[in-house]
Amino acid sequence: MKDIKSIDAIMLREMVNAGASLLEQNRDAVNALNVFPVPDGDTGTNMSMTMMSVVREINSKEFQSVGDAARALAKGALRGARGNSGVILSQLYRGFSKAIEEYETINPVQFADALKNSADTAYKAVMKPKEGTILTVARVIAQEAVAQAQREPDNFYALFDCILTSGEKILARTQEMLPALKQAGVVDAGGRGLLIIYTGYAAVLRGEKIDASLVDMSSDVATMSEFEDDHSDIEHIEFAYCTEFVIQNIRANASDVDISALRRRLNRIGDSVLVVGDLSFIKVHVHTNDPGTALKYGCELGELDQIEIDNMLVQYREKMANTPPKKYGIVSVSLGEGFSAIFKDLNVDSIVEGGQTMNPSIEDLGKAVDSINAENIFILPNNGNITLAARQVAEMSEKNVVVLRTKNVAMGIAAIIAFREDVDVEENTLRMNEAAERVRTGTITFAVRDSDIEGMQIKEGSIIGLHNGEVTVCSDDTHHVALELMQQIVTDDDSLITVYYGEGVEEDDAQELCDKIASKYDMCDVEVHWGGQPLYYYLLSVE
């Protein structure tokens, strides 16, 4: 192998292309590691699509320095970030880019330092970072890489041996850190995706062919004999019945496709799904609210035996009764699956579905507050029509409940990011309200009837844009409305624009709009996320 002591822009591009290619080849295998069947559940797909955006950006032109190439990496990742895993990946690239932006080439020490800054940046971007996730994998790899580079400052081969070895070790330990991974018998999907990218990097340095066989993921999923389902570790019971059974005497015309189909069907009715075995014997585990349906699915493949159904709510209540309350809890109202996934990633304790056309009741909000074992609880109504109901809950509750001044989900996200565990209730209330009120938003929907608003002729079905609750733009083109709203909202002091696209909007259309906004407001970072909100094509957030 050629002795490589520095990486230039050309080699960095080749490494990134290789990492993206290897991740795409292993995308389905990474998806299979997901714990929950949530909208952001396809971690492999989300990370791969984020990497495709990175590849497009870094291949768009020739770069003279590694710093210029790294800035392209960060820009591409930010523009194409998809899902929670993609957003975290974009923050990793952002930190990496910042660390090397002034360099023509980088040596092992500088590369390791960039990995350290990468992990630090990603941690800061998450309000309550959880150990056992991609963040942990990135952090431990970076720490080990820095130590290795100090030992051998001119040896890239030794550095990447350290990166991959330490990565595999910490990835295997993620099950010990995060109960949800232990429940599902898998390692963290995002951590595995990151390691695959780094494996692609290493292959280029070593002159190896990029091939899916480079990645051994055989130990990422536990066998049933290794699987330990400890219900006492579960923080929140969404699916009440732990259901286990064996399928034997499997029907003669069954195939491996039927086993995969069983796994998919179980994922639709529950979580913590494990289906292991072959056409002679299959062991099944699932947490579900419909154990009868799970058994029915199993019966379609063969005979059932060793059936066990446990009510985990009983254990959960006992645990809650004996567990002292934590200091803070957060309830957030959400109006779309994408936003709910974002709030879940931000460690909101209870998410209440509702929005403009379906306001949650006082009872709904009260149940959410009662479900949280905390002394102080913040409610984010995220809609002016919900604030009064939230205040009623605060008055009736025996807990200290604070209703924040969030009028939409974008304000709610900003408020949660401003939350700090280590300050008192009054300071948190001030911080979160101030953060929410710094956010300015525009929404895009359609007119339900003909109308005339201050001389603006609006026809039924026209695309309309609202700023501060007032209709200020009307057109037949969604993108035109969005760009007009941006002119009304964006100021020279702003640094971040976020585009949340709603139910029925194609991702490509959202990305095209994001690119138009980014080209017009190059002083701002522009992000695009799936909100999944009904009725509103886009929610635009500026801060």
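- Across all non-hydrogen atoms, the minimal contact from T121 to G95 is OG1-CA, 3.3 Å.
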Audit row: L22, I197, side-chain contact (heavy atoms from CB on, under 4.5 Å) steps and yes/no: CA-CA 7 Å; L22 196 58; I197 294 170; over 6 Å; no
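- Once rounded to the nearest 0.5 Å, the distance linking OG of S541 with CD1 of I497 reads 9.5 Å.
- Residue pairs meeting the salt bridge (charged side-chain N to carboxylate O under 4.0 Å, His left out) criterion with at least one member in residues 136-147, sequence neighbours excluded, are E131-R139.
- When atom types are taken as modelled, the side chain of D68 and the backbone of Q64 share no donor-acceptor pair closer than 3.5 angstrom.
- Salt bridge E337/K344: absent, no basic N to carboxylate O contact under 4.0 Å.
- For N107, the side-chain hydrogen bond (donor to acceptor under 3.5 Å, both in side chains) test picks out no residue, with sequence neighbours left out.
- At distances below 3.5 Å, at least one donor-acceptor pair connects side-chain atoms of R251 with backbone N or O atoms of E300.
- Separation of atoms NE2 (H479) and CG (L513) is listed at 4.5 Å; rounding is to 0.5 Å.
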Test log, rule side-chain contact (heavy atoms from CB on, under 4.5 Å), inputs F339 and I413: CA-CA 9 Å; F339 281 116; I413 291 169; 4.1 Å; yes
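- Between the side chains of T43 and N46, no donor N or O sits under 3.5 Å from an acceptor N or O.
- Shortest non-hydrogen contact noted between D188 and T133 is OD2-C, 3.4 Å.
- For Y537 and Y501, the ring centers are positioned 6.0 Å apart or more.
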M47 vs R27, side-chain contact (heavy atoms from CB on, under 4.5 Å): CA-CA, chis, key distance, verdict: CA-CA 8 Å; M47 293 185 74; R27 179 182 64 183; over 6 Å; no
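- A donor-acceptor contact shorter than 3.5 Å is absent between the side chain of T288 and the backbone of G270.
- The ring pair (Phe, Tyr, Trp, His ring centres under 6.0 Å) check on Y198 picks up Y201, with sequence neighbours excluded.
- Between the T165 side chain and the C162 main chain, no donor and acceptor come within less than 3.5 Å of each other.
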side-chain hydrogen bond (donor to acceptor under 3.5 Å, both in side chains) evaluation trace for S495 with E543: CA-CA 6 Å; S495 60; E543 53 189 300; over 6 Å; no
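- For the residue pair D515 / Q511, a side-chain donor-acceptor distance below 3.5 Å is found, with atom types taken as modelled.
- Between Q150 and V109, every side-chain heavy-atom pair lies at or beyond the 4.5 Å cut-off.
- The backbone N or O of E104 sits nowhere less than 3.5 Å from a side-chain atom of S65 that would complete a donor-acceptor pair.
- Using a cutoff of 4.0 Å between basic side-chain nitrogens and carboxylate oxygens, D349 and K326 are scored as salt-bridged.
- Shortest non-hydrogen contact noted between V30 and A189 is CG1-O, 3.5 Å.
- Atom-to-atom distance recorded for Q110:CD and I100:CD1 is 9.0 Å, nearest 0.5 angstrom.
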Worked verdict on R206 versus D161 for salt bridge (Lys or Arg N to Asp or Glu O under 4.0 Å): CA-CA 11 Å; R206 297 165 177 164; D161 284 343; 2.6 Å; yes
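- Every residue two or more places apart in sequence or in another chain was checked for a side-chain hydrogen bond (donor to acceptor under 3.5 Å, both in side chains) with T498, and none qualifies.
- With sequence neighbours left out, the side-chain hydrogen bond (donor to acceptor under 3.5 Å, both in side chains) criterion links S350 to no other residue.
- Under 3.5 Å, the side chains of E24 and S48 contain a donor-acceptor pair of N or O atoms.
- Every residue meeting the side-chain hydrogen bond (donor to acceptor under 3.5 Å, both in side chains) condition with Y538, not counting sequence neighbours, appears here in chain and number order: D509.
- Residues T243 and E308 are not in side-chain contact: their nearest non-hydrogen atoms beyond the backbone lie 4.5 Å or more apart.
- In terms of heavy atoms, A69 sits closest to L12 at CB-CD2, 4.2 Å.
- Residues that satisfy the side chain to side chain contact (heavy atoms under 4.5 Å, CB included) test with S53, not counting sequence neighbours, are R56, R79.
- Judged by distance alone, with hydrogens and angles left aside, the side-chain atoms of N249 form no donor-acceptor pair with the main-chain N or O of G302 at under 3.5 Å.
- Residues satisfying the ring pair (Phe, Tyr, Trp, His ring centres under 6.0 Å) test with F96, not counting sequence neighbours, are F111.
- Taking 4.5 Å as the limit, every side-chain heavy atom of M51 sits out of range of all side-chain heavy atoms of I196.
- In terms of heavy atoms, A138 sits closest to L194 at CB-CD2, 3.8 Å.
- Taking a 6.0 Å sphere around NZ of K169, one finds it holds 12 or fewer heavy atoms contributed by other residues, nucleotides or ligands.
- Residues L159 and A112 approach most closely at CD1-CB, 4.4 Å, considering heavy atoms.
- The closest side-chain heavy-atom distance from N117 to K98 is below 4.5 Å.
- A salt bridge links K116 and D120; the closest N-O separation between the charged side-chain nitrogens and carboxylate oxygens is under 4.0 Å.
- Inter-residue side-chain proximity for L78 and E527 is flagged as met; some heavy-atom pair is nearer than 4.5 Å.
- A distance of 12.5 Å separates CG of L135 from OG1 of T174, quoted to the nearest 0.5 Å.
- In this structure, Y93 has no ring pair (Phe, Tyr, Trp, His ring centres under 6.0 Å) partners at least two apart in sequence or on a different chain.
- Put simply, the side chain of Y123 does not reach to within 4.5 Å of the side chain of I88, judged on heavy atoms.
- Shown here are the salt bridge (Lys or Arg N to Asp or Glu O under 4.0 Å) partners of D422, two or more places apart in sequence or in another chain: R420.
- Looking at heavy atoms from C-beta onward, E503 lies out of side-chain contact with Q533 at the 4.5 angstrom threshold.
- Shown here is K516, whose NZ atom has more than 12 heavy atoms of other residues, nucleotides or ligands within 6.0 Å.
- Looking at residues two or more places apart in sequence or on another chain, you find a side chain to side chain contact (heavy atoms under 4.5 Å, CB included) between R173 and I170, E176, M177.
- Considering only heavy atoms from C-beta on, V246 stays 4.5 Å or farther from L304 through its side chain.
- Atoms CG and CD1, from L205 and I7 in turn, are 5.0 Å apart once rounded to the nearest 0.5 Å.
- The CD1 atom of I141 sits 7.0 Å away from the CD1 atom of I163 when rounded to the nearest 0.5 Å.
- Side-chain N or O atoms of S21 include none that pairs as donor or acceptor with a backbone N or O of N17 at under 3.5 Å.
- Every side chain to side chain contact (heavy atoms under 4.5 Å, CB included) that D8 has, sequence neighbours left out, goes to I10, M11, T105.
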